[in-house]
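Quick caveat: nothing in here was measured; it's all calculated off a predicted structure.
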Amino acid sequence: KSEIRRLCADLGFDRLAQKPDSYEICFIPDNDYRGFLGRRRPEAIARLEGGPFVTTDGRTVGRHRGYPFYTVGQRKGLVAMGEPYYVTRVIPESNTVVIGREEDLYDRRLRVRHFNGVKVEALAEESAAHVQIRSNGAAYPALVRMLGERRAEAIFAEPVKAIAPGQAAVFYEGDDVLGGGWIEN
């Protein structure tokens, strides 16, 4: 990114070179995805209202606004528990949002679907790689392998915080992209 910004500045595109990074959804100009969903699918949002907040040990502790409004790692907008709780899992099939303590956010394994090989069509039986799960986050060392047709798994050297299903995971070998896919768990 910094190299592209330098190039833009060198070519006289100062406004583009100084444009701030965007971390929001590009087609939602006001960055209010809750409002966007409510305007586009009010009947679906109304139907999802009141799903259960369940703790990692299985206790129902409240009701939420609908699972689309929650993501793994989120801390705001949850039921008050007297100490910090986070979304640890979202279960769309039952409209359930599972919450737990910070330590419940860590995991050593992820699986991806729709693996798309870039450097290789498929991963070797077991390879060392670095896996990045957030666009602006670190890449973590892991052993990676294919699980069958277009599915892959990463087993991290150390637990990683807030692995979120539905997000992308990218597998690297040095600076080379081996491939990536969509996190399924």
Side-chain angles (χ1 to χ4, degrees), residues 21-116 131-140 142 144 146-156 158-171 179-185:
D21 289 345
S22 172
Y23 296 101
E24 301 301 329
I25 304 169
C26 62
F27 58 87
I28 301 180
D30 58 1
N31 296 327
D32 178 15
Y33 77 91
R34 288 175 175 89
F36 175 81
L37 289 174
R39 290 186 299 275
R40 297 284 297 219
R41 300 292 309 270
E43 74 291 343
I45 297 305
R47 190 174 67 248
L48 295 173
E49 179 83 30
F53 274 123
V54 176
T55 61
T56 53
D57 62 5
R59 293 178 295 128
T60 298
V61 293
R63 297 283 170 201
H64 60 72
R65 295 180 17 191
Y67 81 84
F69 300 129
Y70 301 89
T71 188
V72 172
Q74 179 177 335
R75 183 172 168 203
K76 293 184 178 183
L78 310 180
V79 63
M81 296 291 290
E83 62 180 296
Y85 266 66
Y86 302 81
V87 174
T88 61
R89 186 170 173 214
V90 177
I91 308 171
E93 298 80 15
S94 61
N95 191 27
T96 301
V97 176
V98 181
I99 60 173
R101 294 178 175 87
E102 185 175 14
E103 60 265 19
D104 297 323
L105 289 172
Y106 288 86
D107 205 338
R108 290 185 70 132
R109 177 185 308 253
L110 70 74
R111 291 185 175 171
V112 298
R113 59 184 160 70
H114 303 297
F115 179 81
N116 184 23
V131 179
Q132 186 171 354
I133 61 169
R134 282 181 263 297
S135 62
N136 59 350
Y140 302 98
V144 297
M146 294 301 292
L147 294 176
E149 186 73 23
R150 298 194 65 206
R151 292 183 66 238
E153 174 180 63
I155 301 169
F156 295 102
E158 298 290 331
V160 174
K161 185 176 182 180
I163 299 170
Q167 299 296 314
V170 181
F171 298 14
W182 300 106
I183 299 171
E184 64 180 12
N185 71 329

- Query: Around atom CZ of R40, are there more than 12 heavy atoms of other residues, nucleotides or ligands at under 6.0 Å?
  - Reply: no

- Side chains of I45 and F69: closer than 4.5 Å at any heavy-atom pair? yes

- Query: Is any side-chain N of the basic residue among E43 and R41 closer than 4.0 Å to the acidic one's carboxylate O?
  - Reply: yes

- Task: Please tell me if the side chains of E102 and Y86 come closer than 4.5 Å, counting only heavy atoms from C-beta onward.
- Result: yes

- Message: With a 4.5 Å cut-off on side-chain heavy atoms, are P165 and V72 touching?
- Response: yes

- Any Y140 side-chain heavy atom under 4.5 Å of L110 side chain: no

- State, yes or no, whether a side-chain contact exists between V131 and F171 at a heavy-atom distance under 4.5 Å. yes

- Flag side-chain contact, heavy atom, 4.5 Å: R134 against Q167: no

- Item | Close side-chain approach of Y85 and R101, heavy atoms under 4.5 Å | yes

- Query: Name the one of T55, V98, V54 that satisfies side-chain contact (heavy atoms from CB on, under 4.5 Å) with T88?
  - Reply: V98

- Geometric class of the F53/H64 ring pair [parallel <30°, tilted 30-60°, perpendicular >60°]: perpendicular

- Item | Pairwise distance CG(N185) to CZ(R113) - rounded to 0.5 angstrom | 10.5 Å

- Taking all heavy atoms of I133 and all of A169, pick out the closest pair and write down the distance. CG2-CB, 4.4 Å

- Is the backbone of Y67 close enough, under 3.5 Å, to the side chain of N95 for a donor and an acceptor to pair up by distance? yes

- Might you point out which heavy atoms bring P92 and V90 nearest each other, and give the distance in Å? CD-O, 3.3 Å

- Message: When you compare the side chain of F115 with that of L147, does any pair of heavy atoms fall below 4.5 Å?
- Response: no

- Note on the structure: What one should report as the nearest heavy-atom pair of A142 and A154 is CB-CB, 4.2 Å

- Task: Calculate, to the nearest 0.5 Å, the distance between atoms NE2 and CD belonging to H114 and E149 respectively.
- Result: 11.0 Å

- Query: At what distance, to the nearest 0.5 angstrom, does CZ of R111 lie from CD1 of I163?
  - Reply: 12.0 Å

- Item | CA sep, side-chain torsions, deciding dist, call: Q74, V97, side chain to side chain contact (heavy atoms under 4.5 Å, CB included) | CA-CA 11 Å; Q74 179 177 335; V97 176; over 6 Å; no

- Message: Just to verify, what does P159 make a side-chain contact (heavy atoms from CB on, under 4.5 Å) with, not counting sequence neighbours?
- Response: Y106, R108

- Query: When rounded to the nearest 0.5 angstrom, what distance separates CG in L105 from CD1 in I99?
  - Reply: 11.5 Å

- What is the distance from atom CG of D104 to atom OG1 of T56, rounded to the nearest 0.5 Å? 4.0 Å

- Start with the C-alpha distance between L78 and V87, add both sets of side-chain angles, then the distance that settles side chain to side chain contact (heavy atoms under 4.5 Å, CB included), and finish with yes or no. CA-CA 8 Å; L78 310 180; V87 174; 3.6 Å; yes

- Query: Got a salt bridge between R63 and E49, using NZ or NE/NH1/NH2 to carboxylate O under 4.0 Å?
  - Reply: no

- Task: Can you see which heavy atom on Q132 is nearest to which on G137, and at what distance?
- Result: NE2-O, 3.1 Å

